[in-house]
Amino acid sequence: MTIDNIRSQIAPTWCPGCYDFIMYLGIENALKALDIPKEKVVIVYDIGCIGNMADFFKTYAVHSLHGRSIPTAIGIKLANPELTVIVVGGDGGIYGEGTGHFIAWARSSVDISVFVSNNNLYSLTTGQTSPTTPKGSKTKSTPLGTPNEPIDPVPLAKAVNPEIDAVSVDGHNPIEVIAAFKKAILHPGFSLVDCRQICVTFGKQLDS
Ligand SMILES: Cc1ncc(C[n+]2csc(CCOP(=O)(O)OP(=O)(O)O)c2C)c(N)n1
Ligand code: SF4
Ligand SMILES: [Mg+2]
């Protein structure tokens, strides 16, 4: 496998400076380093800016529904355990609309890897509050400030299953992201890589 041969002919459409580019390079580099044939890889994309990555790779893929990518991926893995199954989603889809699926997956620990662009916002829809938005932040949906405490996904998942592999990394650091993705793909069972990042278009005002 070469780096070139998993890219599609569609160039990424994210905003200039978007950190989703780092996750894109992270997946490409991790699959290349692990030398996994692309026909053995299925990537299930959630919805949102990060989910648009579905157009930019040419592995087998499903562009799933918002919050429903984890059960879709679990079904694929159970049907064919030889496949490397990866979910790519955002904080809104994985930790918000798909919370129940996220917790159920932590309990079952089916062998898939989930990579989350945690930019603390529903970004594709122009910046509404998500479950990880810092308390007090002004967003499109909370002009007076988000009233709720944010969730912390790693301890949340570990609360239901302390044995799972779950990490939160600096999503602005490509070296950290690539290393975490490689480790997660190799890990048998639940592996979450939460990539903390800023949405450079709608997130600069968030309190941190
Ligand atoms: C069930 C459902 N509700 C709402 C939407 C509208 N919608 C599309 S993208 C999106 C926000 C996605 O946020 P996130 O998952 O954090 O991804 P990001 O855009 O931040 O990368 C929403 C609410 C939808 N597509 N489906
Ligand atoms: S709106 Fe934010 S998350 Fe979406 S592409 Fe632009 S910078 Fe990236
Ligand atoms: Mg988001």
Side-chain angles (χ1 to χ4, degrees), residues 7-8 10-28 43-57 61-73 86-105 112-143 146 148-154 156-157 166-174 177 180-181 192-208:
R7 287 190 186 192
S8 76
I10 302 172
T13 48
W14 296 303
C15 304
C18 177
Y19 290 98
D20 288 351
F21 282 102
I22 289 185
M23 292 182 64
Y24 181 56
L25 292 175
I27 292 170
E28 185 178 51
I43 306 180
V44 183
Y45 299 91
D46 212 273
I47 302 302
C49 292
I50 189 65
N52 289 346
M53 198 188 294
D55 291 335
F56 315 143
F57 278 138
V62 177
H63 202 170
S64 180
L65 299 177
H66 202 206
R68 307 294 178 246
S69 49
I70 287 177
T72 307
I86 296 169
V87 167
V88 174
D91 48 315
I94 303 297
Y95 307 141
E97 295 187 68
T99 318
H101 299 303
F102 178 68
I103 297 298
W105 169 52
I112 61 170
S113 304
V114 176
F115 302 156
V116 180
S117 153
N118 184 359
N119 57 16
N120 308 130
L121 282 176
Y122 287 77
S123 285
L124 186 72
T125 41
T126 71
Q128 293 79 19
T129 189
S130 89
T132 61
T133 308
K135 186 175 180 179
S137 301
K138 292 185 173 149
T139 72
K140 285 266 175 70
S141 57
T142 55
T146 308
N148 304 318
E149 290 292 340
I151 66 156
D152 193 342
V154 171
L156 178 65
V167 291
S168 188
V169 300
D170 178 1
H172 310 128
N173 181 335
V177 169
F181 285 180
L192 170 74
V193 182
D194 172 76
C195 299
R196 300 184 313 273
Q197 57 173 249
I198 292 169
C199 166
V200 294
T201 298
F202 298 112
K204 286 186 177 157
Q205 81 293 356
L206 297 187
D207 291 348
S208 56

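The shown structure was predicted, so the numbers you read here are calculated from the model rather than taken from an experiment. Every number for a ligand or one of its atoms is a count from 1 in the order of the listing.
- The distance from the CD atom of Q197 to the CG atom of L121 is 10.5 Å, given to the nearest 0.5 Å.
- For atom 25 (N) of ligand 1, the choice among I47, T125, L65 with the nearest heavy atom turns out to be I47.
- Considering only non-hydrogen protein atoms, atom 11 (C) of ligand 1 sits nearest to Y122 CD2, 3.3 Å.
- For ligand 1, the polar-atom distance check finds no N/O of D46 at less than 3.5 Å from any of the ligand's N/O atoms.
- Protein heavy atom in closest approach to atom 2 (C) of ligand 1: E97 OE1, 3.3 Å.
- Remark: D46 engages H66, S69, I94 in a side chain to side chain contact (heavy atoms under 4.5 Å, CB included) (not counting sequence neighbours).
- Closest heavy-atom contact between G17 and V200: O-CG1, 3.8 Å.
- Within ligand 1, counting atoms from 1 as listed, the ones closer than 4.0 Å to a heavy atom of G48 are 9 (S), 12 (C), 17 (O), 19 (O).
- T132 places a side-chain heavy atom less than 4.5 Å from the side chain of I151.
- Proximity of a side-chain donor or acceptor of D194 to a complementary backbone N or O of V116 within less than 3.5 Å is not detected.
- Remark: ligand 1 atoms within the under-4.0 Å shell around heavy atoms of G92 are 14 (P), 15 (O), 16 (O).
- To the nearest 0.5 angstrom, H101 atom NE2 is 8.0 Å from T72 atom OG1.
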Side chains of residues 49-57: which donor-acceptor pairs under 3.5 Å do they make with residues two or more places apart or in other chains?
none

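- Using a 4.0 Å heavy-atom criterion, the residues that approach ligand 2 are W14, C15, C18, C49, N119, S123, C199, V200, T201, F202.
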Derivation of the side chain to side chain contact (heavy atoms under 4.5 Å, CB included) call for F102 and L192: CA-CA 10 Å; F102 178 68; L192 170 74; 3.9 Å; yes
Stepwise side chain to side chain contact (heavy atoms under 4.5 Å, CB included) check, V193 with V177: CA-CA 8 Å; V193 182; V177 169; 6.0 Å; no
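- Looking only at protein heavy atoms, the nearest one to atom 21 (O) of ligand 1 is I50 N, 3.1 Å.
- Each of the atoms 18 (P), 19 (O), 21 (O) of ligand 1 lies under 4.0 Å from some heavy atom of C49.
- Looking at L121 against ligand 1, only its backbone comes within 4.0 Å, counting heavy atoms.
- Within the listing of ligand 1, atoms 16 (O) sit less than 4.0 angstrom from a heavy atom of D91.
- The protein heavy-atom contact nearest to atom 15 (O) of ligand 1 is G93 N, 2.9 Å.
- Looking at Q128, M53, H66, R68, it is H66 that brings a heavy atom closest to atom 24 (C) of ligand 1.
- Heavy-atom contacts of L124 reach the following atoms of ligand 1: 9 (S), 19 (O) (cutoff under 4.0 Å).
- With sequence neighbours excluded, the residues forming a side chain to side chain contact (heavy atoms under 4.5 Å, CB included) with Q128 are Y122, T125, T126, K140, S141, listed by chain and number.
- Inter-residue side-chain proximity for C18 and Y24 is flagged as unmet; no heavy-atom pair is nearer than 4.5 Å.
- Between F21 and P12 the shortest side-chain heavy-atom distance falls below 4.5 Å.
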